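Below: the structure, in structure tokens.
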Amino acid sequence: MSDSVEQESPEQNLPSSELESFYLTTPIYFVNSVPHLGTAYTTIAADSLARFKRLDGKDTLFLTGLDEHGQKITQSAAAEGLTPQEWVDNIAPKFIDTWKSLGISYDGFIRTTEPRHIQAVQRFFQKLYDNGAIYKGAYKGYYCVPEETFFNDDELFEFAEKRAAEGLAATNEAGQPLCPDCGRPLTFVEEENLYFRLSDYQQRLLDYYEENPNFIRPEIRRNEVVAFVKGGLKDLSVSRTTFDWGVPIPFAEGHVSYVWVDALINYLTAVGYGSDSASDAEEFARRWPAQIHFVGKDIIRFHCVIWPAMLMAAGIELPRQVFAHGFLLTKGEKMSKSLGNVMSPLELAETFSVDGYRYYFLSDFQFGADGSLTMERIIQVYNADLANSWGNLCSRALNMTKKYLDSEVVELWPRTDAALTKRLGNPLREKAETLYASYSKAMDDIDFSKAMAKVLELVDAANLYIEQTAPWSLAKEAAAETAEAEAAGINLDDAKAPTKNDVLDFVLYNLLESIRIAALLFAPVMPQTSAEVWRRLGLGDPLECRDLSAALEWGGLPSGNRVEVGDPLFPRLDADLA
RNA sequence: CGCGGGGUAGAGCAGUCUGGUAGCUCGUCGGGCUCAUAACCCGGAGGUCAGGGGUUCAAAUCCCCUCCCCGCAACCA
């Protein structure tokens, strides 16, 4: 890659050219429910970055998967009369199907119940133990089984005060304290736990954040994490003895791993950690550390505090970046089933097409900040950007090529092209040639909306170009010119100056070439329609590109290709749908 | 005084670091065009940039105060 902009950007520490591998992850999703908008959001974002990195020539490994352990799973399974394994085996295909429906191009899919992972977790624990980072301690206190959360006395006291202020009790009829989060009764537990010496890592973590300002993004999350760690860290209970649906800890009979510790290690397992095979070791050396973990802002602490501390304790390098995106809100409220404002990913994809859905989520809000979501707004953006601007541009250009050039791509001879460029200018080419730099910088900054806006600039410029050049007028003038020449017995092929037909060819080529380029740049986010646009231009699959910068060079659309008009890419939607 | 983010046209946002005629998208009003998915292009209306004070030749932008909203405060995408 020849571009130097990304190297100069102070905003990111994504891989530089010496790193062939680009390893990125989503969280592994907890299988207690089917995929929802939040998980889909994270996954679509990661997929789009993965697709961009592949186009840009990186050896990309995009990992997603499932978190299948924990007490909640045991209970859900029991309620259905299934074993935990049967239960998770039933849910897993739902995730896989959803990702397939949403065009998710993951390279790796990991489930925490896989033997390779169990072995990795056990070895990791052993390593922590050998390094003196684990000790045995007693835990006494209240635990919320459905939330899998322990509550300390302070939290319970605070909750009791709050309830009292509302005139309510903080206990049920049986005198059991209620969960401050969910209101269900808490269970008193007393168990021997293994503790991880998280408190030992406070300063090392702060130093790491300081030295690696892009480790946590966006900045607001980084500030939060730094403030939190500065507030002091307590050792973390990392084992459970009250149930057994988890990874058994090798040096502690009856203990299984705390689900989060188990879950985080997936990022290592997937690239070969814990395996005895030489090829896995090689894979691990090549792939780790991950370039970026995509997470929702709610699980930032696990990824930015506990996870790096665990890696430090195990003597393993830390991932380069954790990017925490915001929540999707409906009219400013968090989506939840009780509010009845939940939208399902598959329903939205059906209404707006998969690409329309993906585009909306990545273009309409700053990735990282919370996004407010309404059907009205999605329809608005879909119609404005996709139907009216992008889809309609394709219709216009392809139709005119069919009408005026008999569906053939005509690239002018360089001399004619140069003469016309000098006379008329070529604003689309100028615009297109600036795009790789700004687009790839936006993508590397994980700013999808800016990247999309850049491509839309070219689309808008092309729509304007059509107005300004008025090919329908050129076609008439060209026909008149030809008729006149024939009447006078002149062969226009011999003309020294460019003819009207040349101008028409020039204009339409510039349009089609701009469309080729826009489709390629849209491809990471809208893979299906970009592939369709390329097919209509007589080109192959844009997703097979492995050198984006080269593929974006002006003139890539070959003369002689036949174009096909096709149906509208994004049919306009009626606002009544909302 | 817990920490942090934010309050900019009817809606959603950018601009604030690096002061210098207030910008984008949608909506709305008027005009143009006809290749196209009633799309596209041009123009207009609409904002005392939450409020107050200060610094400056000049403040949305820097400083102080007040009001309001929202995150975080140990294990929910």
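In the text below, chain A, chain B and the rest are named by the order of the sequence lines, each starting its count at 1. All values reported here derive from a predicted model rather than from experimental measurement.
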### Message
Considering every strand and a 4.0 Å limit on heavy-atom distances, what is the contact class for A:P35: base, sugar-phosphate, or nothing?
### Response
nothing

### Query
Which is true for A:F228 with a 4.0 Å heavy-atom rule: it touches a base, it touches only sugar-phosphate, or it touches nothing?
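Since a base atom lies under 4.0 Å of A:F228, the category is base.
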
### Query
Would A:F352 and A:Y357 count as a close aromatic pair, with their ring centres under 6.0 Å?
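Centroid separation for A:F352 and A:Y357: 6.0 Å or greater.
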
Provide, to the nearest angstrom, the distance between the [atom1] atom belonging to [X] and the [atom2] atom belonging to [N].
X: A:L456; N: B:C26; atom1: CG; atom2: C1'; result: 13 Å
X: A:M310; N: B:A74; atom1: CE; atom2: P; result: 20 Å
X: A:Q468; N: B:A36; atom1: CD; atom2: P; result: 20 Å
X: A:K476; N: B:U34; atom1: NZ; atom2: P; result: 6 Å
X: A:L233; N: B:A73; atom1: CG; atom2: C1'; result: 13 Å
X: A:K72; N: B:C76; atom1: NZ; atom2: P; result: 7 Å
X: A:D364; N: B:A14; atom1: CG; atom2: P; result: 11 Å
X: A:K234; N: B:A73; atom1: NZ; atom2: C1'; result: 12 Å

### Task
For the pair A:K500 and A:E477, find out whether any cationic side-chain nitrogen is under 4.0 Å from an anionic carboxylate oxygen.
yes

### Task
Spell out protein contact along nucleotides 37-42 of chain B as letters: B when the base is contacted, S when just the sugar-phosphate is, - when no protein heavy atom is under 4.0 Å; keep the 5' to 3' order.
B-SBS-

### Query
So, is A:R301 close to the B:A73 phosphate, meaning a side-chain N or O under 4.0 Å from OP1 or OP2?
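Yes, because at least one side-chain N or O of A:R301 sits under 4.0 Å from OP1 or OP2 of B:A73.
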
### Query
Does B:G2 have OP1 or OP2 sitting under 4.0 Å from an N or O in the side chain of A:K230?
no

Could you run down the sub-3.5 Å N/O contacts of the protein with nucleotides 4-11 of chain B?
none

### Dot-bracket summary - RNA chain B, pairs being Watson-Crick or G-U whose distances fall under 3.5 Å, with | when paired to another strand
.(((((((.[[[[.)....(..]]]].(((((.......))))).....[[[[[..)....]]]]])))))).....

### Query
Okay, side chain of A:E408, backbone of A:N561: is any donor-acceptor separation there less than 3.5 Å?
no

### Backbone of A:A313 reached by a side-chain donor or acceptor of A:R197 within 3.5 Å
no

### Task
Using the P atom as the reference point in each nucleotide, state the distance between B:G46 and B:U56 in Å, no decimals.
34 Å

